[in-house]
Amino acid sequence: MKILLLTTLIIAIGMAFLLVKVLSRKNGTFSSQHIHDSKAMRDRGIHCVMDQDREMRRRSPFAVAEKSE
């Protein structure tokens with residue numbers, strides 16, 4: 001029972017910190033965590049795995065074609 005209360009307290013404190021961060025932000029949003037939105041990653045030539053896969057499929061004559069939706 002003590003472990004459950006302690007766990008709930010830790011989660012509640014974490015949620016309170018997130019709330020404070022959201023309320024203190026200008027638009028109330030977090031910055032994007034996607035690799036393609038990071039300038040530092042783009043400068044290093046690092047892309048999202050989906051983008052890398054798509055690029056390799058275009059270049060390779062042996063690659064399986066993407067399914068069109």
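Using modelled atom types, no side-chain atom of Ser60 and backbone atom of Arg57 make a donor-acceptor pair closer than 3.5 Å.
The hydrophobic clustering, which links ILVMFWY residues whose side-chain heavy atoms are closer than 4.5 Å, places Met41 and Val49 apart.
Smallest separation of non-hydrogen atoms from Ile35 and His47: CG2-C, 3.9 Å.
Within a 6.0 Å sphere centred on CG of Leu6, heavy atoms belonging to other residues, nucleotides or ligands number more than 12.
Partner of Thr7 under the side chain to side chain contact (heavy atoms under 4.5 Å, CB included) criterion, chosen from Leu9, Ile11, Leu5: Ile11.
Separation of atoms CZ (Arg44) and NZ (Lys39) is listed at 11.0 Å; rounding is to 0.5 Å.
In this structure Arg59 satisfies the salt bridge (Lys or Arg N to Asp or Glu O under 4.0 Å) test together with Glu55, sequence neighbours excluded.
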